[in-house]
Amino acid sequence: MNHHDLTIGMIGGGNMARALVRGLLRGGHPAQRISIAEPDAGQRELVAALDPGLIIDANNTPVAQSAAVLVLAVKPQILPEVALALASQRRPAAQLVMSVAAGVTLRSLAGWLGATTPLVRVMPNQPATIGAGVSALAASTSVDTNGRQLAGYVAGTTGRALWLPDESLMDAVTAVSGSGPAYFYLLMEHMERAATDLGLPPELAAALTRETALGAARVVIETKSEPGALRTAVTSPGGTTAAALRVFEQADLAGIVQQALTAARDRSAELGKQRS
């Protein structure tokens with residue numbers, strides 16, 4: 001199947017919807033095969049600026065009626081109202097529905113849209129806005145092989161798309177990749193501040209920190225090496241790196257990271273119960 005022949009619809013025109021639109025366009029999906037429903041005029045202008053060929057509407061109904069894949073990209077608190085309204089409308093029988101709403105389970109989506117609706121839950125992350133994201137996907141039992149390929153195609157336009165063996169892992173995914181960018185930003189903030197305290201000009205401290213972060217990530221990904229092995233390769237016995245790592249170890253960085261991710265996982269589960 002040529003996915004470029006299918007109409008991809010978005011309910012909501014916010015940051016994540018625009019990231020998906022940019023990714024689809026970047027991948028060669030025809031603009032006239034992408035439709036977006038967004039009630040806010042200012043948001044519609046931001047979407048329209050991406051490509052003049054996009055189909056943009058203030059109402060959900062026309063978008064939902066024409067889409068082979070319908071992406072629900074609205075805030076979790078208004079998703080029940082939106083989904084129930086969509087359920088009462090005529091839509092393509094085999095329409096695949098994808099949700100990027102944090103904490104909203106497949107069970108809740110099925111309750112609003114119908115038990116036989118093919119549903120895919122997606123957890124993207126902030127780097128998706130520049131096409132460097134990673135998304136975790138979980139599917140309902142109604143999604144067949146073609147549906148999984150189609151969902152992977154849509155989610156993969158913003159970076160990598162990885163399937164979960166079980167939706168119950170989504171809270172852990174949230175803690176790792178959903179919230180994860182903030183952890184790296186925090187470390188970079190602290191490194192830049194410490195670098196200026198060591199006498200480096202702020203601009204130089206920022207450039208050295210940020211390029212080092214980018215370079216380290218690229219080495220791990222492009223060489224397919226384990227981070228631990230790369231760390232060992234950089235760490236000479238009794239050297240400067242060893243001195244710094246010793247401080248991290250004495251502060252129990254490993255324990256801090258474990259506690260932080262567990263707290264994020266638990267909060268994700270708590271919010272999920274509130275939203276579902």
Side-chain angles (χ1 to χ4, degrees), residues 1-14 16-25 27-39 44 47 53-76 78-102 104-124 128 135-158 161 163-164 167 170 276:
M1 176 184 293
N2 185 356
H3 293 149
H4 288 181
D5 292 336
L6 300 176
T7 296
I8 312 296
M10 311 274 174
I11 303 297
M16 193 49 60
R18 294 198 299 274
L20 287 164
V21 171
R22 281 193 295 269
L24 287 165
L25 292 170
H29 202 93
Q32 63 270 25
R33 291 288 188 181
I34 304 172
S35 58
I36 306 96
E38 171 55 58
R44 287 201 301 273
V47 175
L54 294 168
I55 300 169
I56 305 171
D57 203 297
N59 299 312
N60 293 347
T61 301
V63 172
Q65 288 179 341
S66 64
V69 182
L70 189 64
V71 181
L72 305 181
V74 299
K75 295 184 183 302
I78 68 169
L79 184 54
E81 177 185 353
V82 169
L84 286 169
L86 290 171
S88 66
Q89 298 170 8
R90 183 173 297 169
R91 296 177 289 114
Q95 184 180 70
L96 174 70
V97 179
M98 300 175 65
S99 169
V100 297
V104 179
T105 64
L106 292 171
R107 180 178 179 179
S108 291
L109 291 166
W112 301 323
L113 292 166
T116 60
T117 304
L119 298 165
V120 173
R121 183 180 170 192
V122 185
M123 168 55 68
S135 297
L137 286 69
S140 69
T141 55
S142 301
V143 179
D144 59 16
T145 300
N146 181 63
R148 291 172 72 92
Q149 291 176 348
L150 189 51
Y153 163 71
V154 175
T157 63
T158 62
W163 285 96
L164 297 180
E167 185 193 7
M170 198 63 84
S276 298

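What you see is a predicted model, and the numbers here were worked out from it, not measured in a lab. One is the number of the first residue; the rest follow in order along the sequence.
- A heavy-atom distance below 4.5 Å is not found between the side chains of Leu96 and Val154.
- Considering all non-hydrogen atoms of both residues, Ala73 and Ala17 come closest at CB-CB, 4.0 Å.
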Take Leu24 and Met10 through the side chain to side chain contact (heavy atoms under 4.5 Å, CB included) test and state the conclusion after the steps. CA-CA 12 Å; Leu24 287 165; Met10 311 274 174; 3.7 Å; yes

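- Side-chain atoms of Val122 and Met16, non-hydrogen and from C-beta on, never get closer than 4.5 Å to each other.
- Rounding to the nearest 0.5 Å places CG of Leu6 at 11.5 Å from CD1 of Ile34.
- Tyr153 and His4 have tilted rings, their planes meeting at an angle from 30° to 60° on a 0 to 90° scale.
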Could you go through residues 53-63 and list every donor-acceptor pair under 3.5 Å that involves a side-chain atom there, pairing it with any protein atom two or more places apart or in another chain?
residue, atom, partner, partner atom, Å
Asp57, OD1, Asn59, N, 2.8
Thr61, OG1, Gln89, OE1, 3.4
Thr61, OG1, Gln89, NE2, 3.1

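- Smallest separation of non-hydrogen atoms from Val47 and Gly13: CG2-O, 3.6 Å.
- Heavy atoms from other residues, nucleotides or ligands lying under 6.0 Å from CD of Glu81 number 12 at most.
- Summarising the geometry of Gly152 relative to Trp163, their closest heavy-atom pair is N-CZ2, 4.3 Å, with the distance given to 0.1 Å.
- A distance of 10.5 Å separates CE in Met123 from CD in Glu167, rounded to the nearest 0.5 Å.
- One distance of note links CG of Leu20 with CD1 of Ile8; it measures 10.0 Å at 0.5 Å rounding.
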Step-by-step side chain to side chain contact (heavy atoms under 4.5 Å, CB included) determination, Val97 to Arg91: CA-CA 11 Å; Val97 179; Arg91 296 177 289 114; 3.9 Å; yes

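- Using a 4.5 Å heavy-atom cutoff, the side chains of Leu137 and Val143 are not in contact.
- Taking CH2 from Trp112 and OG1 from Thr117, the interatomic distance works out to 13.0 Å, rounded to the nearest 0.5 Å.
- Note that OG of Ser66 and CZ of Arg33 are 9.5 Å apart. Values are rounded to the nearest 0.5 Å.
- Partners of Arg44 according to the side chain to side chain donor-acceptor pair (under 3.5 Å) rule, which considers only residues two or more places apart in sequence or in another chain, do not exist here.
- Across Gly9 and Ala67, no two heavy atoms sit closer than the pair N-CB, 3.6 Å.
- In this structure, Ala139 and Val120 approach most closely via the heavy-atom pair CB-CG2, 4.1 Å.
- Counting only heavy atoms from C-beta outward, the side chains of Ser35 and Thr7 approach each other to under 4.5 Å.
- Not a single donor-acceptor pair under 3.5 Å links the side chain of Thr158 to the backbone N or O of Ala128.
- The distance from atom CG of Leu84 to atom CG of Leu113, rounded to the nearest 0.5 Å, is 7.5 Å.
- Put simply, the side chain of Leu109 reaches to within 4.5 Å of the side chain of Leu79, judged on heavy atoms.
- Side chains of His3 and Leu150 form a contact here, defined as non-hydrogen atoms less than 4.5 Å apart.
- Contacts of Leu164 classified as side chain to side chain contact (heavy atoms under 4.5 Å, CB included), with partners at least two apart in sequence or in another chain: Ala136, Leu169, Met170, Val173.
- Across Val104 and Pro76, no two heavy atoms sit closer than the pair CG2-CB, 4.1 Å.
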